[in-house]
Amino acid sequence: MPVITFFNTLGRSMEEFKPLVPGKVGFYGCGPTVYNYAHIGNLRTYVFEDILVRSLRRFGLDVTHVMNITDVGHLSGDDDSGEDKMLRSAKERGQSVLQIASYYTDAFFADTERLGIARPDVVCKATEHVQDMIRLIRRIEAGGYTYSAGGNLYFDVSKFPRYGELANLRLEELKAGARIEVDENKKNPQDFVLWFTKSKFENQALIWDSPWGRGYPGWHVECSAMSMKYLGESFDIHAGGVDHIPVHHTNEIAQSEAATGKPWVRYWLHAEFLVMDKGKMSKSKGNFITLQNLLDGGFEALDYRYFCLGGHYRSQLSFSDDAMAQARASRKAMLEKFLDLRTHAGTAEVPNRSRLHAGVLARLERFDKLLAEDLAVPRALAELWGLLKDPSLPPADVVAAALDMDTVLGIGLAGARREEKSLSDEERSKIQALVDRRTEAKKAKNWAEADALRQELKDLGIVLEDGPRGTVWKQLKA
RNA sequence: GGCGCCGUACCCAAGUGGUAAGGGAGAGGUCUGCAAAACCUUUAUGCAUCGGUUCAAUUCCGAUCGGCGCCUCCA
């Protein structure tokens, strides 16, 4: 197992990764708020987390991956037009907020599944853990970190000296209210609500009884409560998008450590944004794209995954139709190359790792080393290309190693097929008959007829390739 | 106002104090009746600009220009 290093947002430096319990990793990844479809920017982060989990497992670590589903707290407050439409149509169908949440949760996992993202070991819904949150809030309250105002229970950041450490925040320099009105109940602008009994939204749909009155939990508390429930009061890795650093994760740390008095998370990993021409993808700017949009545009889900692998997780990645098409072309070429090698490998026995050709093994080792260096996935991908393109390596060994690498990358080598859709035997024999007729015409040097038959097949969606071993046909990509 | 990131060929994108990965696209070639595929070759004396440090900078420092993110729910 190589030495694993990660760039820890807490401290902003590369650190060797050493799990709290040797051989085991507790990992919490911030999940979706399920009131709308995930867009491809969101999904980039989940691809990153998937690569993280798969890499750790590759290195022999026993990972427990926990992900929350935020299905409370933000369902009635956002007035994005697209969402309103969804809510309205849901209302027309007589559905509850929970049904909406359920719908988008299913949609989310349908997307991640198509992207080959492994399902977390624990998926926990906020609405099913309100009692855990209440218990956690009571501990925070017992420590004297809270105050009540205007019907809400607030966390008092002035009681937590290390507040803002993760984000390098210095409270006195923040310009509170620069972009949003300050809640007049707060002693400090950074204070945040642990429990609402007075919603700023009219129609909060879900409410619970609590020691502070009937209401609902603040957003940040769910991650603290659920992560501790499943991973313990201290655990190894917490990941999410960079946007969470200054507020969400900062607040999570404050309340978690206020409750337990212990260090909470040891390594913080944050994924940068996918950006479009005009900046990040966001609903309010009306420039967000879903995975389904890409599928409708003729891309495969794994083309998008491949696209994500082209950039390092800590760098912004520029999305465009052109860049996406490039990723598709690149992945297609890679699958073709792989299929060629698999054909050449024929029935040769696939060697296990210990018996691989030295040159292949060397590449595999470099691949592992790159992953271990803060997930240098773009370079790991280049290593896979180098492996596939090196003519000096035995095909069977290359195929074995490529499949091995793909257990982390997830580009879909194992499932690669030449044919796009299944054809009936009847269709096959028809095509073969035409191909045979053309072969006869070619033998007779009757080029006109041969070309006519080529065109006829092309109209059927079949392209021909004359090679040294005769003519092979393929389906034209739809 | 504060915090932070980025600017690498036509495009996406790695990377390092010692002379620019990979992919896409383009060009030329081999092969081919045609075509495709494949393969080979090729495309930044250059890494926004200007200074500085250094034997040596794309890589460190400073300034400038440009772009982006966060400080509000947001991956």
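Protein chains get the first letters and strands the later ones, always in sequence-line order, with residue 1 at the start of each. All values derive from a computational prediction rather than experimental measurement.
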Exercise for the section: Under 4.0 Å between any heavy atoms, over every strand shown, what does A:Leu464 touch: base, sugar-phosphate, or nothing? Just pick one. Expected result: base

Exercise for the section: Report the distance from atom CG of A:Leu341 to atom P of B:rA37, rounded to the nearest whole Å. Expected result: 18 Å

Practice task
For the residue pair A:Cys30 and A:His238, establish whether any side-chain heavy-atom pair is separated by less than 4.5 Å.
Solution key: yes

Exercise for the section: Just call it for A:Lys389: base, sugar-phosphate, or nothing, with non-hydrogen atoms closer than 4.0 Å on any strand. Expected result: sugar-phosphate

Problem - Side-chain H-bond candidate by donor/acceptor type, A:Thr5 with A:Asp374, under 3.5 Å - result: no

Fill in the blank from the handout: When rounded to whole Å, the CG to C1' distance for the pair A:Asp340 and B:rA36 reads 13 Å

Completion exercise
Per atom distances to the A:Asn42 side chain, the nearest of B:rC70, B:rA21, B:rA75 is B:rA75

Problem - Rounded interatomic separation in angstrom, taking CD from A:Gln190 and C1' from B:rC71 - result: 9 Å

Exercise for the section: Assign the ring pair A:His220 / A:His248 to parallel, tilted or perpendicular, where the plane angle (0 to 90°) is split at 30° and 60°. Expected result: tilted

Exercise for the section: Pick base, sugar-phosphate or nothing for A:Pro378, based on heavy-atom distances below 4.0 Å to the nucleic acid. Expected result: base

Practice task
Looking at every strand, decide which applies to A:Ser330 at a 4.0 Å heavy-atom threshold: base, sugar-phosphate, or nothing.
Solution key: sugar-phosphate

Practice task
Scan A:Ala329 against the nucleic acid and name what it touches under 4.0 Å (heavy atoms): base, sugar-phosphate only, or nothing.
Solution key: sugar-phosphate

Practice task
With a 4.0 Å heavy-atom cut-off, tell me which residues in residues 306-313 of chain A come close to RNA chain B, sorted by residue number.
Solution key: A:Gly310, A:Gly311, A:His312

Exercise for the section: Kindly assign one of parallel, tilted or perpendicular to the pair A:His249 and A:His270, based on the angle between their ring planes and the thresholds 30° and 60°. Expected result: tilted

Exercise for the section: Would you state whether a donor and an acceptor, one from the side chain of A:Asp466 and one from the base of B:rC34, lie under 3.5 Å apart? Expected result: yes

Problem - Structure string for RNA chain B in dot-bracket form, Watson-Crick and G-U at under 3.5 Å, | interchain - result: (((((((..(((.....[...)))((((((.......))))))....(((((..]....))))))))))))....

Fill in the blank from the handout: Quick note, A:Glu465 side chain, CB onward, closest among B:rG69, B:rG24, B:rA36 is B:rA36

Exercise for the section: Would you check if A:Leu335 and A:Leu413 make a side-chain contact, meaning some heavy-atom pair closer than 4.5 Å? Expected result: yes

Exercise for the section: Go through B:rC70, B:rC12, B:rG15 for me and flag the one nearest to the A:Pro246 side chain. Expected result: B:rC70

Exercise for the section: Describe the nucleic acid contact of A:Ser320 in one word from base, sugar-phosphate, nothing, applying a heavy-atom distance below 4.0 Å. Expected result: nothing

Fill in the blank from the handout: Side-chain atoms of A:Ser318 come closest, of B:rC12, B:rA75, B:rC34, to B:rC12

Practice task
Remember a base hit wins even if backbone is also touched, and classify A:Ala376 as base, sugar-phosphate or nothing at under 4.0 Å, heavy atoms.
Solution key: nothing

Practice task
Go through B:rA14, B:rA36, B:rG33 for me and flag the one nearest to the A:Asp451 side chain.
Solution key: B:rG33

